[in-house]
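Sequence positions, counted from 1, serve as the residue numbers for this chain. What you see below is based on every heavy atom in this structure, not just the backbone, and it leaves out hydrogens, waters and symmetry mates.
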Amino acid sequence: MSILKNSVSMIAGNFFNKIASVIVLILVAGSLDSASFGRYSFAVSYLAFFAVFTDLGINTLITRDISSGVVHAPLAFGNAILIRLCLSFLALAMALSGLLVLSYGRETVMIVIASAPMLFFSFRGLFFRTVFDIPFQSRLKMAAPSLVNALSECLTLAAAAWLVHIRAPLLWLVLGIALSYMPGFALAAFLSFRIITPEFRFDAARLKELILSALPLAGAVFFEGLFLITPVFVLSRFSTEAAMGLYSLPQRLVTSLWVVPVALMVTLLPGMSRGMVLAKAGLEKAVRALLITGIPITLVTEAYSSELVFFFAGHEYAGSSAALSIMMLGTLAYFVNAAFFYGFVAAGLQSANMLIWAVISALSVLLSLALIPGYHEAGAALGFTLPLISVIPLNIILAKRLLGISVFTVMAHFALSGASAALVLFALPVAKGLSVAFSVAVYASMLFALRAVDFSNGPSWFSALYRKLLKFLRKHLTDANKKI
């Protein structure tokens, strides 16, 4: 139940985060002309890329080590704070240097500087603030940080609304939004210190060991960031601003769903980190759980892609529905890849993750360059989706060779069940809602028939209900056979 509770807490907190960020985006866009809004969007996206360098896998490794009991928790937490603080200042220096090297205008540079506090305080990405999640994640107590997240987003939303209302200049608008995260940052730090009080003791040998062990995972994080920015960059060079907008909308929608596998895997990671046997068992369990969740989400999104685009952006973004359908398949692949990613982290195989994400980013570069000039946003969507799908076989092979566990049969059963459900969804000549319901029913039935999921292994109330249902069916089937 703690895994379910923490997953739900993280998903709920991040869902509220996404809703609040969309409302802030609407408020800011409505108050600025297109050129000013372009500078604002550039500043946020530019810093978000450099946020990758504020973590470099440190959070994941420290959470794993504290959960497994192989380190002194206060000292490890203190080391994480020191390292990530240094990395955050380094990322800021790199970001500002990049602006100078690329000769951006003074106004753009000032807006990025005004946005700089986000590298430390923001709740909307992999910024320094996330270091205070370590005690909660390692102790499986994610309800508190999720609540702090929600409160911080409320404050940010209020600050943005007030600044828009008083017609604050762009520079002050950006600075106000960036600083609005500070109270939430302070509260998150206070609560995390109550769980694990950090010890700040300089240990050069230990810090060097930690940084060296983090390098492969840091490489994976870097390549993931490169993968996300590649289609956008290639679109900006070889396509139109309209195509970039039609791609950016579905990208924001599908990447917001990534919180689902991350939330589940972060709550599974402490248990998986306590030994190779638990890592193997946790990997198979995670693959099943993420496919059970991911395939129905994909079916619903594929059925209602046009309606979702209209709901979030209106008719002028109708061209995004095809890209959304393509990218949702990539998101399903991300669900699967996330299980392997955290499975390898739990087993101390960070180099496998770096290899996987290096392949993904390389394929994304090649496919984006090949497809975007001719197919624009659809080409970018394919450059997003195909690399994520392509590495699934590689993940399966690495899991077999490095962990000695084969999930091929499990995934084959889920793939067959999902394909059958998709066939029903698109071939059944009935109302869309009915076809979705029938496809999900076919999916569940196929999983049951193939014994891909043991429904008796769920929560106690669900297991009891399942056993009673089986008993009822056996009794009535037996009676029916006797009468025949």
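Annotation: side chain to side chain contact (heavy atoms under 4.5 Å, CB included) contacts of Ala159 (sequence neighbours excluded): Ser180. When the side chain to side chain donor-acceptor pair (under 3.5 Å) test is applied to Tyr181, the partners found at least two apart in sequence or on another chain are Arg124.
Side-chain contact between Asn337 and Ile356: absent, with no pair of heavy atoms (C-beta onward) separated by less than 4.5 Å. By the 4.5 Å heavy-atom criterion applied to side chains, Leu363 and Phe227 are not counted as neighbours. Taking the side chain as every heavy atom from C-beta outward, Leu398 and Phe340 never approach each other to under 4.5 Å. Counting heavy atoms from C-beta on, the side chains of Phe414 and Val287 never come closer than 4.5 Å.
In this structure, the separation between CG on Leu324 and CG on Leu329 is 10.0 Å, given to the nearest 0.5 Å. Atom OG of Ser417 and atom CG of Leu447 lie 4.0 Å apart (nearest 0.5 Å). Atom OG in Ser368 sits 14.5 Å away from atom OH in Tyr375 (nearest 0.5 Å). Taking OG1 of Thr298 as the reference point, atom CZ of Phe335 lies at 7.0 Å (rounded to 0.5 Å). Between the CG atom of Leu119 and the CG atom of Leu90 there is a distance of 11.0 Å, given to the nearest 0.5 Å. Phe341 CZ to Trp357 CH2: the interatomic distance, rounded to the nearest 0.5 Å, is 8.0 Å.
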Stepwise side chain to side chain contact (heavy atoms under 4.5 Å, CB included) test for Leu367 and Phe384: CA-CA 9 Å; Leu367 288 169; Phe384 173 94; over 6 Å; no
Side chain to side chain contact (heavy atoms under 4.5 Å, CB included) assessment of Trp258 paired with Thr331: CA-CA 7 Å; Trp258 288 13; Thr331 296; 3.7 Å; yes
Could you go step by step and tell me if Phe223 and Val359 meet the side chain to side chain contact (heavy atoms under 4.5 Å, CB included) rule? CA-CA 9 Å; Phe223 284 124; Val359 172; over 6 Å; no
For Leu235 and Tyr247, what are the C-alpha separation, side-chain angles and deciding distance, and is it a side chain to side chain contact (heavy atoms under 4.5 Å, CB included)? CA-CA 9 Å; Leu235 276 169; Tyr247 170 78; 3.6 Å; yes
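Put simply, the side chain of Glu302 never gets that close to the backbone of Phe426: no donor and acceptor are under 3.5 Å apart. Proximity of a side-chain donor or acceptor of Ser439 to a complementary backbone N or O of Val436 within less than 3.5 Å is detected. One N or O on the side chain of Thr385 and one on the backbone of Ile326 form a donor-acceptor pair closer than 3.5 Å. The closest donor-acceptor contact from the side chain of Arg84 to the backbone of Phe127 lies under 3.5 Å. A donor-acceptor pair under 3.5 Å links the side-chain atoms of Thr54 to the main chain of Ala51, judged by distance alone.
Of all heavy-atom pairs spanning Thr63 and Ser138, the tightest one is CG2-N, 4.0 Å. Across all non-hydrogen atoms, the minimal contact from Ser325 to Ser305 is OG-OG, 3.3 Å. When all heavy atoms are compared, the tightest approach of Ala80 to Ile62 is CB-CG1, 3.9 Å. A pairwise comparison of heavy atoms in Ala303 and Leu425 identifies CB-CD1, 3.9 Å as the closest pair. Closest of all the heavy-atom pairs between Ile360 and Leu388 is CD1-CD2, 4.0 Å. For the pair Gly383 and Ser364, the tightest heavy-atom approach, listed with the atom from each and the gap, is O-OG, 3.4 Å.
The aromatic rings of Phe185 and Phe132 sit perpendicular to each other, their planes meeting at more than 60°, with 30° as the lower class boundary.
Under 3.5 Å, the side chains of Asn59 and Asp133 contain no donor-acceptor pair of N or O atoms.
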